[in-house]
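First comes the structure, then the notes that go with it.
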Protein chains: 2
Amino acid sequence: MNSASASAHPDTARLESRRTRILDAAEKLFAEHGYDGVTLRAIAREADVDVALANYHFGRKHELFEATFMRRAELLNRWRIKALDEAFAAAAPNPPSVRAIMDAYLYPILHGPHITEPAWRSYYALVAYVNNSTEWGGKLMSRFFNPMVDRFIDALRKALPDAREEALFWGYHCLSGALTLAFAQTGRLDKLSGGLCRSEDLEEAYRHIVVFVTAGFEQLGLSTE
Amino acid sequence: MNSASASAHPDTARLESRRTRILDAAEKLFAEHGYDGVTLRAIAREADVDVALANYHFGRKHELFEATFMRRAELLNRWRIKALDEAFAAAAPNPPSVRAIMDAYLYPILHGPHITEPAWRSYYALVAYVNNSTEWGGKLMSRFFNPMVDRFIDALRKALPDAREEALFWGYHCLSGALTLAFAQTGRLDKLSGGLCRSEDLEEAYRHIVVFVTAGFEQLGLSTE
DNA sequence: CGCCGCATTCAACATTTGTTGAAGATTAGC
DNA sequence: GCTAATCTTCAACAAATGTTGAATGCGGCG
C-alpha cells in the first residue's frame, strides 16, 4: 500500500520499499510479542530481506523500535489535536463538553484518514505494549505523546472547572487504560463474553468506551470532596 | 517473610526457602521486564541460587512463569469473591449497588490481608503485563481469573437490570484496563502531572478509580440506546 | 556405618542472539 | 562505459540463552 503511493520519484519509492517493509514487519511483530520477544532475524524474515539490512537502515535494535513507534505517533497526534481544535471551534465561545473532548480523543483512532490500512491495528497494539511496559515504556509514551495529552487535559480543565487537578490526571489514566486494554486484546475473541463482545469490532468498542469514560470524567469533575 | 513463617517442619521451611526465593525473584523480574526480557540466569542471580535450580523445581521457563502467576491469583480471587459475598449480604434482599460491587472488586487489592508485603506490588505489575500480552496473556488471564470475573459481571447484571449484555462486558474491559494501567505504572513518577499524581499512592488511585468506573458502569447501564 | 532420597551445584551442550566488516549489486552522473 | 555513492547480501564473530546429565552434598533410617 505504501510502496506505490504518491510515487514522488519512482526510484525513491523503490529505495524506501525495503526500508518501510522492515518497519512494517517490525511494527507487526513488536506489537504481537513485545520488544524482547522479537528477533531481528524474525523481522528480516517477515520483511523478506537480509538480517543486516535492518541494522544498516536503523542502527541498533532499540533504535528500530523507536523508529517504528514514532512513525505513526506523529500522525495520530496531529489528527487528535485537529479534532480537538474543531471541538473548540464548534463550541465557541464556550469550552467543548466532556463528551466532545472524548470524541476528539477517540474518534481519530477509528475514523482517521487511515482506517483501511490494517497496519494501524498493529500499531495500536504496539502502543498498548509500550504503555504497559514499566521500564522505559513510560518514558517513550511521555516523549511522544505528552504534548498532545497536555492539550486534552487542559481542555478538560475548562470543561470541568470544579474538578480538582489530580482528578484530571487520574481520569486520564483511566481513559488511557481502558483504551489500551481494548486494543491490546485486538484480534482475539473475548472468551469472557462467549464471543458476544469482540475486540475486533472497533465501532462497538468506540460506542461503549466513549460513554464509559465520559461518565467517569463528569463524575470525577463534580468531586470537590 | 515466607521463609521462617509457620515453621511447620524446620527442614521443610528451609527446603522451600530457595524455592520461594526463586518464585519471588521471578515475580519481581517478570513484572519489570516481561517474560522474554528476563533470563533464567538473572532470576538465579537475584535469588542467589544456581541456574539449574529453577529448572529442577519448576521445569521449563514458561512453567516457572505460570507458577509465579498462579501463586497469588488464587488468593486474590478468594478475597474478591469474599468481598462480593459480603456486599450481597449487606444489601439483601436487594442486589448490591454498582458502587458496592466496584468496591468489592477494588478493595482487596489495597486492603487485603497483605498490604505489608511489597511483593504484591510486583505481582500487580505482573498481572498488568500478562493482561496486555496479546499472544498467550489472554489465555492465562482467562484461565486464572474468569470464574471470579463471571461472578462480578453477574452481580452487575443484577445491579443494572436495564443494561445490555455487551455493555457489561465492555464496561468490565474499561474497568480492567483502568486498573491495569494504574498498576503497570507502579513505581514511576507520573511525568504528565509533574509529580502531582503518583502511581505509588494506591489510596489516591483507589479513590479516583472507583469513582470513575462506578460512573462509567452506571451510565452504560442506562443505555438501551 | 551404609544407604537412600532429595536438593543443589558444576560444567557443558547446541542454538540463537545482536552486531559487524568486507564483498557484491544497483543506481546516478558524467 | 567508468566512477562514485548508495543499497544489499554474505559469512562470521563473541556473547548469551534454555536446558541437561552427571556429580556432590546432606539429612534421616535401618
Side-chain angles (χ1 to χ4, degrees), chain A residues 2-4 7-30 32-69 71 133 135-136, chain B residues 2-5 7-30 32-69 129 133 135-136 140:
Chain A
N2 221 332
S3 58
S7 69
H9 322 302
D11 38 271
T12 304
R14 234 174 313 160
L15 286 190
E16 282 206 340
S17 163
R18 305 202 174 208
R19 215 187 106 101
T20 54
R21 248 161 53 205
I22 291 174
L23 230 34
D24 290 338
E27 181 173 71
K28 177 185 170 193
L29 294 178
F30 280 141
E32 279 174 17
H33 309 103
Y35 179 77
D36 294 294
V38 175
T39 73
L40 290 175
R41 286 174 164 83
I43 294 175
R45 202 179 321 124
E46 172 89 16
D48 198 36
V49 299
D50 190 87
V51 205
L53 198 55
N55 210 302
Y56 172 78
H57 280 296
F58 299 97
R60 319 200 94 92
K61 185 186 179 185
H62 73 94
E63 296 179 283
L64 168 60
F65 187 87
E66 291 196 14
T68 305
F69 189 70
R71 175 170 62 153
S133 168
E135 20 173 7
W136 42 277
Chain B
N2 221 331
S3 58
S5 70
S7 70
H9 323 301
D11 38 273
T12 305
R14 236 174 311 161
L15 288 190
E16 282 206 343
S17 163
R18 307 212 167 183
R19 213 187 108 102
T20 56
R21 246 160 55 203
I22 292 174
L23 229 35
D24 289 340
E27 181 173 71
K28 177 186 172 193
L29 294 178
F30 280 141
E32 279 174 17
H33 308 104
Y35 180 77
D36 295 294
V38 175
T39 74
L40 290 174
R41 285 175 165 82
I43 294 175
R45 200 178 321 122
E46 173 89 18
D48 197 37
V49 299
D50 190 85
V51 205
L53 197 55
N55 210 300
Y56 172 78
H57 280 296
F58 299 97
R60 317 200 93 91
K61 184 185 181 185
H62 73 93
E63 296 179 284
L64 168 59
F65 187 87
E66 292 197 13
T68 305
F69 188 71
Y129 167 77
S133 168
E135 20 174 7
W136 42 275
L140 259 191

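Proteins get letters first, then strands, A, B, ... in listed order; numbering begins at 1 in each.
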| Side-chain N,O (A:Arg18) to OP1/OP2 (D:dT9) below 4.0 Å | yes
| request: Grab the CZ-C1' distance between B:Arg45 and C:dT9 for me, whole Å please. | output: 17 Å
| message | Please report the distance, rounded to the nearest Å, between OH in A:Tyr35 and C1' in C:dG18. | response | 9 Å
| Are side-chain heavy atoms of A:Phe58 and A:Arg19 found at a separation under 4.5 Å? | yes
| message | In whole Å, I'd like the distance from the NZ atom of A:Lys61 to the P atom of C:dG18. | response | 4 Å
| Of the residues in residues 62-69 of chain A, which ones touch DNA chain D at a heavy-atom distance under 4.0 Å? | none
| Could you state the interatomic distance from CD (A:Glu27) to OG1 (A:Thr20), rounded to the nearest 0.5 Å? | 11.0 Å
| said: Between B:Val51 and B:Ile43, is there a side-chain heavy-atom distance shorter than 4.5 Å? | reply: no
| Separation of D:dT8 C1' from A:Phe58 CZ (nearest whole Å) | 14 Å
| query | How far does CG of A:Leu23 sit from CZ of A:Arg71, to the nearest 0.5 angstrom? | reply | 4.0 Å
| remark: NZ (B:Lys28) and NE2 (B:His33) are apart, to the nearest 0.5 Å, by 9.0 Å
| message | Distance check, rounded to the nearest 0.5 Å: A:Leu64 atom CG versus A:Asn55 atom CG? | response | 9.5 Å
| message | Expected output check: what is the dot-bracket annotation of DNA chain D, where ( ) and [ ] are pairs inside the strand (brackets for crossing ones), | is paired with another strand, and pairs are Watson-Crick or G-U under 3.5 Å? | response | ||||||||||||||||||||||||.|.|||
| field | Expected output: side-chain B:Tyr129 to main-chain B:Tyr35 donor-acceptor under 3.5 Å | value | yes
| request: Would you kindly give the CG-to-C1' distance between B:Asp48 and C:dT9, to the nearest whole Å? | output: 13 Å
| field | Nearest-nucleotide comparison on DNA chain D, the residue closer to the 5′ end among B:Ala52 and A:Asp50 | value | A:Asp50
| How many angstroms lie between atom CG of B:Asp50 and atom CG of B:Leu40, to the nearest 0.5 angstrom? | 11.5 Å
| request: For a side chain to side chain contact (heavy atoms under 4.5 Å, CB included) with B:Leu29, tell me which candidate from B:Thr39, B:Asp24, B:Thr68, B:Val38 qualifies. | output: B:Val38
| request: Record whether the side chain of B:Arg41 comes under 3.5 Å of the base of D:dG18 through a donor-acceptor pair of N or O atoms. | output: yes
| message | Side-chain N or O of B:His57 versus OP1/OP2 of C:dT8: is the shortest distance under 4.0 Å? | response | yes
| note | From CG of B:Leu40 across to P of D:dT19 the rounded distance in Å is 6 Å
| What is the distance, rounded to the nearest whole Å, between atom OH of B:Tyr56 and atom C1' of D:dG25? | 13 Å
| field | Gap between atoms CZ and C1', on B:Arg60 and D:dG18 respectively (whole Å) | value | 8 Å
